[in-house]
Amino acid sequence: MATPVAEPAPVDAPSPLRNALKLGGSLLVTYVIGFGLQVLVPRLLGPESFGQYNWANGTSAAFFILSALGLDVYIRKEVAVRREHASEFFAGTLLLQVVLAVGLLGAMGVALRGEGKPPEVLTLVLLLGIYQFFFRLNAILAAVLHAHEKVDGLSVAHVLMKCIWGFGLGLALLLRAPLPWLAAPFIGAEVFKAVFLFHLTRKHAGLRLNLDVRATTGALVAALPFFINEAALATNGRVDVMVLGLVANTTEVGYYGAVWGIAGLTMLLSPILGWVVLPMMSRAAATSQEEFTSILRRGLEGIVSLSVPVTLALALGAETWVQLLIGEDYLPAAPVLRLLAPIFVLTYVATVCGSWLMADNRTWTVTRTSILAAGLNLVLNLLLIRPFLAWRGLTGGASATALSLAICEVVVTLILVSAIGQRAWDARSKAVLGKTLGVCAAVTAVHLLLGQLGLDSSTLLRGLARLVVDGVLYVFLILLTGAVRKDEVLGVVRMVRNRRKPQASTQPPPSEARAA
């Protein structure tokens with residue numbers, strides 16, 4: 001069947017930027033709620049119980065990787081330029097997801113029965129599997145709204161869902177409810193969100209439930225590389241937790257999961273990149289190669305500028321962040337947080353590069369890279385966890401898992417950047433990268449010097465004071481070197497403000513500024 005030819009939607013960078021800001025605002029609210037629970041849950045459960053909870057969550061997610069089907073990424077790429085396409089396959093893929101969910105729940109029950117885990121942990125795994133079904137369904141519904149650039153109601157859905165989840169989980173923890181009850185807020189929040197998003201997709205995107213076997217099959221085949229890529233990426237974040245719990249113990253999973261929760265706060269922009277950048281790049285690829293390359297370069301430049309200082313603060317202040325956020329019981333896991341910190345800069349760069357390659361119809365390049373990383377991550381975990389436990393003792397297994405993931409992210413980033421070649425960086429972005437790395441080196445040297453002079457991390461107050469000095473120095477040097485340009489930051493702010501005016505008389509900004 002020939003692919004319908006559609007007139008590409010024009011690229012309007014301020015519109016994706018406004019959508020990113022709307023989604024970012026809702027994510028900021030949800031991250032505040034999530035941040036509170038990231039602090040509360042490990043403190044109330046302790047390393048052992050939190051490890052069981054985290055292992056159950058990771059295991060259910062690892063099984064349900066197979067139910068993703070790659071449709072959310074496929075929708076952002078294809079429905080962004082073929083607006084009616086989603087109604088052709090949604091009903092068929094929904095039916096397939098239901099069948100897969102039932103089969104996966106049965107497979108989990110059989111596979112985990114002989115692993116010697118407590119019954120309440122196995123029950124929690126199955127309940128979180130139900131949550132995973134609705135979570136992945138909501139990702140598909142949200143992708144339809146992203147492709148249509150209708151995100152106002154989606155932003156509301158994010159906030160309401162997180163409030164339901166946060167209140168329910170907090171109540172279950174404070175009432176000391178049995179472990180399986182921790183799944184109830186997850187399920188309730190995602191069911192509410194599914195109903196809300198289905199209403200929004202029908203209203204704003206015209207989504208209809210038309211069972212078309214031929215269209216469904218075509219969409220699944222076209223989404224296959226996205227599915228394999230997504231499954232491989234999810235393996236790096238889920239299967240390693242499952243392996244750590246099986247090869248080591250759930251206490252190691254508790255330490256790893258607690259500091260991963262801290263490090264994961266640096267990933268605030270990650271959903272926005274997936275929701276906004278890929279549709280914008282897909283439209284640019286169909287209209288202007290110059291614009292297409294510009295979005296890539298300015299996107300990489302912006303990601304480096306935003307993510308590096310946060311990553312540096314996590315790495316330098318690992319002990320301080322652990323004491324402040326999750327308590328001294330988790331202090332042995334501070335080195336694990338230091339290993340995890342650099343991963344997120346690499347993840348951001350790989351996400352932007354991967355989105356560009358997908359928009360350039362080089363999806364299999366991204367997919368092969370993700371498969372390689374997934375296999376490498378599994379092998380490294382199996383090789384390193386037991387030796388690291390024998391070498392380091394407590395948190396040795398968690399350190400091995402963190403190191404394995406870091407190595408994989410380095411490999412993925414190098415491959416994807418190399419696949420793009422010279423188009424990824426121009427003289428300006430290379431200068432920003434070089435200046436930023438130089439500033440990081442200077443701040444690290446001062447940080448170490450302060451420790452030798454007595455301002456170390458032995459107490460929480462000293463550690464916080466040291467981080468304040470680091471932060472002030474970083475901002476001063478980054479502005480002094482010109483790695484971040486004040487005029488461009490103000491220009492983006494003015495652009496967004498002018499777009500809010502009913503009759504804006506200003507000319508559209510240059511493509512370079514729009515993509516920044």
Side-chain angles (χ1 to χ4, degrees), residues 24 27-28 31-43 255-270 302-348 395 398-399 402-403 406 409 432-433 435-484 486 489:
L27 283 177
L28 184 59
Y31 263 64
V32 169
I33 298 172
F35 173 76
L37 289 172
Q38 288 286 5
V39 174
L40 184 66
V41 175
R43 284 179 179 270
Y255 283 118
Y256 181 76
V259 295
W260 176 268
I262 298 174
L265 295 174
T266 64
M267 295 301 290
L268 174 63
L269 295 177
S270 183
I303 282 301
V304 168
S305 299
L306 289 171
S307 61
V308 165
V310 180
T311 294
L312 182 65
L314 276 181
L316 295 181
E319 290 83 4
T320 301
W321 295 121
V322 169
Q323 291 181 72
L324 178 66
L325 298 177
I326 54 178
E328 294 190 359
D329 287 346
Y330 293 89
L331 201 54
V336 183
L337 177 58
R338 190 166 284 115
L339 286 171
L340 288 173
I343 290 174
F344 298 101
V345 175
L346 299 171
T347 300
Y348 278 132
T395 73
S399 297
L403 180 61
E409 286 299 328
V432 168
L433 179 60
K435 291 175 182 178
T436 302
L437 293 176
V439 170
C440 288
V443 172
T444 301
V446 172
H447 179 86
L448 296 174
L449 178 61
L450 290 173
Q452 293 179 351
L453 296 176
L455 194 63
D456 53 25
S457 302
S458 58
T459 66
L460 181 59
L461 186 59
R462 288 182 179 181
L464 289 173
R466 194 181 185 187
L467 287 175
V468 169
V469 175
D470 294 341
V472 171
L473 179 62
Y474 184 90
V475 172
F476 173 76
L477 292 177
I478 212 75
L479 294 176
L480 180 66
T481 59
V484 174
K486 292 183 290 185
V489 175

Query raised in the report: If you measure from CG on L306 to OH on Y348, what distance do you get to the nearest 0.5 Å?
Result: 8.5 Å
Query raised in the report: Which salt bridge (charged side-chain N to carboxylate O under 4.0 Å, His left out) pairs, counting each pair once, include a residue from residues 457-470, with sequence neighbours left out?
Result: D456-R462
**Report entry** W321 CH2 to L316 CG distance, which is reported to the nearest 0.5 Å
**Finding:** 11.0 Å
Query raised in the report: Which pairs, with at least one residue in residues 318-346 and sequence neighbours excluded, count as a salt bridge (charged side-chain N to carboxylate O under 4.0 Å, His left out)?
Result: E319-R338
Query raised in the report: From T436 OG1 over to L477 CG, what is the distance, rounded to the nearest 0.5 angstrom?
Result: 11.0 Å
Query raised in the report: Given V475 and L479, is the side chain to side chain contact (heavy atoms under 4.5 Å, CB included) satisfied, shown in steps?
Result: CA-CA 6 Å; V475 172; L479 294 176; 4.0 Å; yes
Query - V322 versus A334, closest heavy-atom pair with distance - result: CG2-CA, 4.1 Å
Query - Side-chain donor/acceptor of W260 to backbone N/O of L340, under 3.5 Å - result: no
Query raised in the report: Do Y474 side-chain atoms and A313 backbone N/O form a donor-acceptor pair below 3.5 Å?
Result: no
Report summary line: Of all heavy-atom pairs linking L314 and A263, the shortest is CD1-CA, 3.9 Å
Report task. Hey, could you give me the NZ/CD1 distance between K435 and I478, rounded to the nearest 0.5 Å? Result -> 9.5 Å
Query - All side-chain contact (heavy atoms from CB on, under 4.5 Å) counterparts of P332, not counting sequence neighbours - result: Y255, L394, T395
